[in-house]
Amino acid sequence: MFDWLDYLVRLLVENVFGISAASRLGDSIHFFIYDSLKIIILLGLMIFAVSYLRSYFPPERTKRILERFKGITGNIFASLLGIVTPFCSCSSVPLFIGFVEAGIPLGVTFSFLITSPIVNEAAFAILLASFGWKIALVYVVTGVIVGISGGILIGALHMEKYVEDYVYSLQAGTAVLPETTQKDRLLFAVQNVKDIVRRVWLFLLIGIGLGAVIHGWAPAEVLARYAGPGNPFAVIVAVICGIPLYSNALGTIPIAEALIAKGIGLGTALSFMMATTALSLPEMILLRKVIKPKLIAAFIIITGLAVILVGYLFNGIAAFLI
């Protein structure tokens, strides 16, 4: 898809910078420039398309839709809705309060809370550019499955008593949804592209920069020894390392791409990315304002185990996807 861009960047590195693209330095520079341009192009297109769709799902409408669904159907719909709603892990927490006080089952709210930060247009765009449509599609499907299964398990544990009492005492809002024209939706999509790119470009470049260093300089044998396919605990280690961190898919996918190029398993790298986006430390701190430690622990354990299973699944089927 981007062979033309790869060719132009290679010409830039070799003819303008005077550095061989086959050298470590040239390879790193090529990786950084090529991935930056490729991801920004796809990111802009994907954000515009999904933002237009998101204009139909403001927070109040999202809450009203979820109120209509019960049981496993609610978990499925909440997880699917998490794909098209504009919330990262931390910004999903305030909406969590609205879901609970509106009477939406706890398990359903967690299906949304898990899926929303994992699966988004940025992650899909970067995975599409970096690994192709098969991996991008499987990632979306598994992200939804993690959200559904995690929400069902949390709901089955009946842990409503571990939600802070004040949340249940809040009154549901009755906000009136304004009418939105097609022009408004298109302007919203354009503005969202500007806003998101402005907010994430630095994190994106840092992530790609780290990936470029790993791609050109990190010794493959060291990485393969500790996190390669020969280590049966590589996925577990990746998830444990990812939980305390805070990042979004924009920062983690370029690093995952570079690590995979060095021999680390596809599932191992993606598990690290999913753990970082779905189970970040700042999110846990915010959740503590709403739910009690036992429910937070259950959320981390259930989601973490699901992400680990996804990692091993990806490692097992990687040969069929790449």
- Item | Hphob cluster co-occupancy, L157 + V146, side-chain heavy atoms under 4.5 angstrom | yes

- Joint cluster assignment, V235 & L309, ILVMFWY side-chain distance < 4.5 Å: no

- Message: Quick one: does any side-chain atom of S79 pair with a main-chain N or O of V144 as donor and acceptor, under 3.5 Å?
- Response: yes

- Any side-chain heavy atom of Y312 within less than 4.5 Å of one from I236? yes

- Item | Interatomic spacing from CE in M159 to CD1 in I291 - rounded to 0.5 Å | 8.5 Å

- To the nearest 0.5 Å, how far apart are CD1 in I33 and CG in L5? 10.0 Å

- Task: May I have the step-by-step check of side chain to side chain contact (heavy atoms under 4.5 Å, CB included) for V310 and Y139, ending in yes or no?
- Result: CA-CA 9 Å; V310 167; Y139 181 77; over 6 Å; no

- Side chains of V9 and F31: does their closest heavy-atom pair fall under 4.5 Å? no

- Closest non-hydrogen atom pair, V239 against G304: CG1-O, 4.2 Å

- Message: Has S271 got a side-chain atom pairing as donor or acceptor with T268's backbone, closer than 3.5 angstrom?
- Response: no

- Task: Look up atom CD1 in I76 and atom CD1 in I148, then write down how far apart they are to the nearest 0.5 Å.
- Result: 5.0 Å

- Message: Return the CG to CG distance between N315 and L266, rounded to the nearest 0.5 Å.
- Response: 7.0 Å

- Derivation of the side chain to side chain contact (heavy atoms under 4.5 Å, CB included) call for T181 and D184: CA-CA 5 Å; T181 66; D184 292 333; 3.0 Å; yes

- Message: Any side-chain to backbone donor/acceptor pair from T303 onto I300? Under 3.5 Å, distance only.
- Response: no

- Message: Just verifying a value: how many Å separate I308 CD1 and L313 CG, rounded to the nearest 0.5 Å?
- Response: 13.5 Å

- Query: Heavy-atom count around I72 CD1 within 6.0 Å, excluding the residue itself: above 12?
  - Reply: no

- Query: Do the non-hydrogen side-chain atoms of I240 and V237 ever get within less than 4.5 Å of each other?
  - Reply: no

- Task: Check side-chain hydrogen bond (donor to acceptor under 3.5 Å, both in side chains) between S111 and all other residues, then give those that pass, not counting sequence neighbours.
- Result: N75

- Message: Any non-hydrogen side-chain atom of F77 less than 4.5 Å from a side-chain atom of V108?
- Response: no

- Query: If two hydrophobic side chains count as joined below 4.5 Å and joins carry through other members, does V13 share a cluster with L8?
  - Reply: yes

- Item | Hydrophobic cluster identity match, L270 and L137, side-chain contacts under 4.5 Å | yes

- Would you confirm whether T115, through its side chain, and F112, through its main-chain N or O, come within 3.5 Å as a donor-acceptor pair? no

- Query: If we only count heavy atoms from C-beta on, is the H30 to D6 side-chain gap below 4.5 Å?
  - Reply: yes

- Hey, are the side chains of I114 and I302 touching, using non-hydrogen atoms and a 4.5 Å cut-off? no

- Message: Do F110 and L295 make a side-chain contact, defined as non-hydrogen atoms from C-beta onward lying under 4.5 Å apart?
- Response: yes

- Message: Let's go through Y162 and L106 carefully: what are the C-alpha distance in whole Å and the side-chain angles of both, what is the deciding distance for side chain to side chain contact (heavy atoms under 4.5 Å, CB included) to 0.1 Å, and is it a yes or a no?
- Response: CA-CA 10 Å; Y162 296 110; L106 191 63; over 6 Å; no

- Query: Hey, what do you get for CG (L12) to CZ (F17), rounding to the nearest 0.5 Å?
  - Reply: 4.0 Å

- Query: For the side chain of S23 and the backbone of S20, is there at least one donor-acceptor N/O pair under 3.5 Å apart?
  - Reply: yes

